[in-house]
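Predicted model, so just to flag it, every value in this text is computed and none were measured. Labels below follow one simple rule: chain letters A, B, ... track the order of the sequence lines, proteins then strands, and each chain is numbered from 1.
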Amino acid sequence: MAHEETDGYSPSQVEEKWQRLWEERGTNTHTRDELENAEDTFYNLMMFPYPSAEGLHVGNIYAFTGADVHGRYQRLTGKTVFEPIGFDAFGIHSENFALKQGVHPMDLIPSNVRNFTRQLRRVGGMFDWRHTVDTTDASYYKWTQWIFLQLFDAGLAERKEAPVNWCPSCMTVLANEQVIAGACERCETAVEQRRIAQWFFKITEYTQRLLENLEQIDWSDSTRKAQSNWIGRSEGAALRFPILGAEGNATDGTIDVFTTRPDTIFGATYMVLAPEHPLVDQVTDDGYAAPVFAYREEAARQDMVARKIEDKTKTGVFTGGHCLNPATGEAIPIWIADYVLMEYGTGAIMAVPGHDERDFEFATEFDLPIVRVVAGSDDDADTPLAEAYSGEGRLVNSGDFDGLPAKPDGLRAITSWLSEKGLGEPQVNYRLHDWCISRQRYWGPPIPVIYCETCGPVGVPEEDLPVVLPRVEDFKPDDSGISPLARVEEWYKTVCPQCGADARRETDVSDTFLDSGWYFLRYPSTDFDDRAFDHDITSRWLPVDTYIGGNEHAVLHLMYARFLTMVLHDLGKFDFEEPFTVFRAHGLITHDGAKMSKSKGNVVVPDPIIAEFGADTFRLYLMFLGPFEEGGDYREGGIQGPFGFLHRLWDTVQNASDDPADADVERKVHQTIKQVTEQIPDLGYNTSVAAMMECLNTIRAGGRTASRSEIEPLVVMVAPFAPHIAEELWERLGNTGSIFDGGHWPSFDEAKTVADTIKVAVQVNGKVRGTIEVAVGTPEADVVASARADENVARHVEDKTERRVIYVEGRLVNFVVS
RNA sequence: GCCGGGGUGGCGAAAUGGUAAACGCAGGGGACUUAAAAUCCCCCGGGCUUCGGCCCUUGUGGGUUCAAAUCCCACCCCCGGCACCA
């Protein structure tokens with residue numbers, strides 16, 4: 001049922017009319033010429049959606065509307081706003097869906113894109129449909145491949161065999177980021193370990209810059225913090241422990257470890273190697289070989305699965321070998337255990353059970369010695385440890401270093417002592433690892449590399465791009481670890497671009513995060529088919545002014561986009577190195593307290609709501625529901641508020657007079673303009689809407705008729721939230737052209753926001769006992785005098801001694817009595 | 001365990017040191033109407049009241065201040081993310 005004829009305001013009629021006019025007039029789109037010559041530009045970006053078969057849900061609309069309000073506001077202030085949208089349509093989501101439904105992704109994606117486009121138009125987003133992007137279109141992925149080649153030529157793409165996470169259900173390699181607690185993030189199947197030759201981008205060469213730049217960019221704190229944690233810088237030392245021979249004699253070999261606590265080296269009572277550590281063979285004594293190799297095999301099989309799950313009791317095996325603890329001069333046993341991970345540090349640790357929780361647990365399990373080397377304030381050297389102590393304290397049982405404060409001084413002293421002996425040096429370590437971009441899948445852009453027996457891997461020459469993804473009916477991955485494209489001989493057989501010999505194409509495709517890692521560079525340049533991005537247009541429009549998106553992409557997408565931008569900057573493609581000047585994370589819309597998901601059956605579909613109330617009401621409602629950066633729980637019913645508000649606004653404009661504005665009403669209008677103007681740029685949407693409602697209530701109080709000059713500013717302020725009705729009312733107020741053209745955002749006069757008189761609260765001992773009204777500018781003494789004269793105040797003050805009077809101008813008087 | 005965000009009426013929330021609960025939903029009463037919708041007005045945290053007011057109330061317990069939802073200390077609970085990172 002649609003609320004059509006109410007009061008003459010028909011949302012569907014108004015919205016159809018303006019969506020049609022926007023399209024006919026090109027209100028929201030820019031020509032190439034306009035982009036090339038625009039002044040006062042504002043690039044308003046939001047995260048482009050993955051076009052699922054289900055269509056947009058309320059969570060998507062929430063995010064896009066919040067970003068659209070921001071863009072429309074910027075435009076109303078007179079800026080030239082570029083607000084593009086596109087489709088992130090490659091990847092495992094589409095491929096899995098296609099496999100399940102038996103529809104080829106090449107057929108599925110276009111129909112999903114059409115549906116998304118329809119929905120996005122219907123909600124009234126200010127999207128530039130002339131500059132849209134679809135990552136699966138060869139005209140886009142041609143340039144994704146070109147980006148790969150830029151890194152390849154710069155030596156930043158490297159092919160190496162590496163242990164990778166293998167999902168036996170999805171039959172593909174997963175990035176570490178896609179592994180949640182040892183399981184595939186998509187299907188929750190336990191992940192195995194495999195070794196495959198793959199392409200990596202050397203993001204680790206940019207670690208320090210990615211970290212340092214975080215200080216300079218205006219991003220949500222939570223997002224910056226997440227990035228910084230992900231990079232995971234830790235300061236410590238690289239130490240070398242000499243390996244002892246069978247008779248306890250010194251050998252040439254050392255076990256290298258990374259530790260953040262070199263100050264605790266006197267407490268290192270054993271060593272642990274990761275099971276796959278290359279030195280395992282060398283240090284293992286013959287008598288221990290059988291259990292050691294059995295353990296190693298077991299670990300390899302279950303590797304990423306059980307290894308990263310907490311609360312698992314520690315397991316491990318003694319190798320029979322020993323190292324020298326260079327600090328104590330004692331021989332200490334070498335173990336292998338799966339709690340030490342090959343991919344972090346050196347894959348080996350010095351175990352200090354007294355002061356590391358994990359080592360303590362392991363030592364307790366296997367009866368290894370636990371030595372205290374740090375004493376807290378209440379302890380001495382001999383107090384036994386009931387658990388690992390990692391707090392502050394002074395060194396004990398540490399030879400000449402006893403008594404030094406453990407962390408700052410002892411750490412420095414011991415590190416330089418070891419350094420002088422040639423046994424170590426300070427080192428910084430990072431958690432971040434190189435970005436594996438190979439996917440043994442079908443639905444992605446082929447990696448543009450050709451393997452030649454004599455020339456090795458050769459990049460596809462730029463003039464041969466794109467390497468088109470062929471239509472393959474059987475694209476189901478199998479567990480051979482090889483991409484479905486490896487079954488298409490006529491596709492992969494080719495000749496070497498360098499020597500002309502028979503050669504073979506790379507049959508892996510690239511990670512979806514590569515598609516989405518540069519799309520914002522493409523948008524303004526989609527008019528060019530001979531370059532990824534035009535230099536002049538890029539310089540004019542980028543970096544992005546505001547990027548709004550979900551915090552679920554805080555680490556991966558945003559990190560990769562920053563990395564690619566830095567690389568392209570270093571290659572001289574443009575002169576900025578951070579792509580997003582401002583990033584704001586929007587909150588999450590939940591329903592019945594949980595994230596919307598198909599499996600939980602709590603997805604809210606926007607289309608019927610829009611059909612009933614209109615896009616304007618729906619947008620207003622979503623923005624009014626709570627703070628945009630915090631999100632909120634979707635609930636039915638509340639939509640009546642915004643719906644009624646738009647009806648009253650409509651009604652007020654229809655009946656508006658040409659009378660001069662009322663002074664009190666005008667003050668309210670100026671106060672509202674001030675408040676909304678201050679709050680909208682900070683995404684304070686819910687309070688802005690509340691202020692506008694309050695303003696309309698004042699304008700209509702007692703059923704009075706508004707004057708045009710009172711109501712017109714309100715129509716403009718509503719426009720970012722409810723653009724269709726705003727256009728219509730703007731026109732009905734006698735204006736021509738779009739409300740969004742010409743910078744019509746109202747300005748306020750500070751002087752007109754204040755009244756002649758103000759209300760002052762009167763407190764006695766901090767409790768409010770009355771309020772008085774005084775003229776603005778009344779001297780303090782007079783205000784205090786009238787406060788004292790208030791009947792109720794006088795009752796509380798009499799018979800008491802006045803100790804102090806606090807006066808806060810324009811706010812309150814507080815009598816302190818006793 | 002670590003990092004981030006929260007905890008305020010029946011509900012979504014507002015207030016970031018100065019009159020707690022703005023704005024809205026739901027609920028109750030009234031005006032207009034043949035009727036309904038829409039619109040407008042009034043009430044709406046709890047308790048007491050001689051109807052003037054008084055007392056209590058922002059997860060819990062302490063503290064700072066003339067004054068605390070807001071700042072400090074300790075703790076409890078909820079949501080999101082990361083997690084054997086040495």
Side-chain angles (χ1 to χ4, degrees), chain A residues 3 5-7 9 177 180-181 220-226 228-230 232 234 236 257-261 272 307-312 314 337-341 343-352 356-359 361-362 429-433 551-552 554-555 585 587-588 590 593-595 621 624-627 629-642 644-645 647-648 651 686-695 697 700-704 759-771 791-792 795 803-806 808 810-817:
Chain A
H3 298 259
E5 300 311 319
T6 310
D7 278 20
Y9 170 43
E177 295 81 6
I180 310 297
S220 296
D221 283 347
S222 57
T223 314
R224 280 203 305 218
K225 193 88 186 174
S228 155
N229 289 346
W230 193 259
S234 34
V257 303
F258 172 76
T259 177
T260 54
R261 295 297 304 274
V272 187
R307 277 185 73 171
K308 295 206 168 179
I309 294 170
E310 203 200 357
D311 288 342
K312 203 191 80 168
K314 298 273 183 290
D338 66 3
Y339 81 93
V340 173
L341 308 172
E343 70 263 24
Y344 185 76
T346 62
I349 61 158
M350 66 172 201
V352 184
D356 180 278
E357 213 180 303
R358 297 150 302 177
D359 297 343
E361 202 189 312
F362 189 82
N429 224 358
Y430 298 94
R431 230 181 75 122
L432 187 75
H433 38 251
N551 234 350
E552 69 270 20
V555 279
L588 191 70
T590 55
K595 197 168 163 176
Y621 165 64
F624 182 54
L625 176 132
E629 289 174 271
E630 284 170 34
D633 199 57
Y634 183 87
R635 75 217 121 88
E636 282 77 20
I639 200 166
Q640 285 301 335
F645 170 72
H647 270 97
R648 289 191 292 277
D651 194 57
N686 57 331
T687 47
S688 293
V689 174
M692 290 189 281
M693 286 173 166
E694 222 177 303
C695 184
N697 290 346
R700 291 169 59 89
R704 72 181 280 277
K759 279 191 177 136
V760 175
V762 185
Q763 299 181 334
V764 178
N765 287 346
K767 283 187 191 295
V768 179
R769 298 300 179 185
T771 54
E791 207 178 304
N792 197 41
R795 270 220 333 265
R803 302 288 176 192
R804 273 174 87 176
V805 181
I806 311 281
V808 182
R811 285 218 170 251
L812 60 73
V813 177
N814 187 13
F815 295 102
V816 184
V817 301

Return the pairing partner of B:rU64 with a 3.5 Å limit on both distances, Watson-Crick or G-U wobble; otherwise return none.
none

So, is A:N814 near the phosphate of B:rU19, with a side-chain N or O under 4.0 Å from OP1 or OP2?
no

When both hydrogen-bonding distances must be under 3.5 Å and the geometry is Watson-Crick or G-U wobble, what is B:rC40 paired with, if anything?
B:rG30

Select base, sugar-phosphate, or nothing to describe what A:T590 touches, counting heavy atoms under 4.0 Å on all strands.
nothing

Length of the CD-C1' vector between A:E552 and B:rG80, whole Å:
11 Å

How many whole angstroms separate atom NZ of A:K314 from atom C1' of B:rC84?
5 Å

For RNA chain B, whose closest nucleotide is more 5', that of A:R811 or that of A:E694?
A:R811

Just compare B:rA86, B:rU19, B:rC66 and give me whichever is closest to any side-chain atom of A:V768.
B:rU19

Taking B:rA31 as the reference, what is the distance to B:rG24 when you measure between their P atoms (whole Å, please)?
23 Å

Give A:P627 one of three labels, base, sugar-phosphate or nothing, depending on what nucleic acid heavy atoms sit under 4.0 Å from its own.
sugar-phosphate

Answer for the Watson-Crick or wobble partner of B:rG9, both distances under 3.5 Å, is none

OP1, OP2 of B:rC54 versus side-chain N and O of A:R769: anything below 4.0 Å?
yes

Decide, for B:rG47, between syn and anti: a glycosidic angle within 90° of 0 counts as syn, anything else as anti.
anti

Please state the C1' separation for the pair B:rU65 and B:rC72 - nearest whole angstrom.
12 Å

If you check every side-chain atom of A:F624, which of B:rG6, B:rC23, B:rG4 has the closest atom?
B:rC23

Expressed as a whole number of angstroms, how long is the span from A:H433:NE2 to B:rC85:C1'?
11 Å

For A:N792, which contact category applies under a 4.0 Å heavy-atom criterion: base, sugar-phosphate, or nothing?
sugar-phosphate

Under-4.0 Å side-chain N/O to phosphate OP1/OP2 contact, A:R635 with B:rG12:
no

When you measure from the centre of the six-membered ring of A:F362, is the NZ or CZ of A:K314 under 6.0 Å away and within 45° of the axis?
no

Interatomic distance at P, B:rG46 relative to B:rA22, whole Å:
14 Å

Separation of atom CE in A:M692 from atom P in B:rC23, rounded to whole Å
15 Å

For B:rG24 and A:N697 - does any side-chain N or O of the residue sit under 4.0 Å from the phosphate oxygens OP1/OP2?
yes

When the C1' atoms of B:rC76 and B:rA67 are considered, how many whole Å apart are they?
28 Å

I'd like the P distance from B:rA13 over to B:rA36, given in whole Å.
35 Å

Look at the side-chain N and O atoms of A:T260 and state whether any lies under 4.0 Å from the OP1 or OP2 oxygen of B:rC85.
no

Side-chain N or O of A:K767 closer than 4.0 Å to phosphate OP1/OP2 of B:rG18
no

Report which part of the nucleic acid A:L812 touches: base, sugar-phosphate, or nothing (heavy-atom distance under 4.0 Å, all strands).
base

Take atom P in B:rG61 and the same atom in B:rA68, then report the distance between them in whole Å.
16 Å

Would you call A:R648 and A:D651 a salt bridge, taking side-chain N to carboxylate O under 4.0 Å as the test?
no

A:R431 has an atom CZ; how far is it from atom C1' of B:rC84, in whole Å?
12 Å

Expressed in whole Å, how much space separates the C1' atoms belonging to B:rA20 and B:rA14?
9 Å

Taking syn as any angle within 90 degrees of 0 and anti as the rest, which one fits B:rG9?
syn

Which of these nucleotides, B:rG4, B:rC84, B:rG24, is closest to any side-chain atom of A:R358?
B:rC84

Please name the nucleotide paired to B:rU16 by Watson-Crick or G-U wobble geometry with both distances under 3.5 Å, or report none.
none

State which of B:rU19, B:rA86, B:rC23 makes the closest approach to the side chain of A:T771.
B:rU19

Polar side-chain atom of A:N792 near backbone of A:R769 as donor-acceptor pair, under 3.5 Å:
yes

Just by modelled atom types, is the A:V352 backbone N or O under 3.5 Å from a matching donor or acceptor in the A:D359 side chain?
yes

Does any N or O in the side chain of A:N814 come within less than 3.5 Å of the main-chain N or O of A:I806, such that one atom is a donor and the other an acceptor?
no

Interatomic distance at P, B:rC3 relative to B:rC55, whole Å:
43 Å

Distance in angstrom units between A:Y621 OH and B:rC11 P, rounded
16 Å

Heavy-atom donor-acceptor pair, A:N429 side chain to A:G236 backbone, under 3.5 Å:
no

Taking for A:M693 and for A:G770 the nucleotide of RNA chain B with the nearest heavy atom, the one nearer the 5' end belongs to A:G770

Would you indicate whether the side-chain heavy atoms of A:V813 and A:V805 approach each other to under 4.5 Å?
yes

From CA spacing to verdict: side-chain hydrogen bond (donor to acceptor under 3.5 Å, both in side chains), A:S220, A:N551
CA-CA 9 Å; A:S220 296; A:N551 234 350; over 6 Å; no

Rounded distance in Å - CD (A:Q640) to P (B:rA37):
12 Å

Regarding A:N686, tell me which of base, sugar-phosphate or nothing describes its non-hydrogen contacts under 4.0 Å with the strands shown.
sugar-phosphate

The side chain of A:I349 is closest to which nucleotide in this list: B:rC23, B:rC84, B:rA86?
B:rA86

Tell me: CZ of A:R648 to C1' of B:rG24, nearest whole Å?
10 Å

Does the side chain of A:R795 get closer than 4.0 angstrom to OP1 or OP2 of B:rG53 through an N or O atom?
no

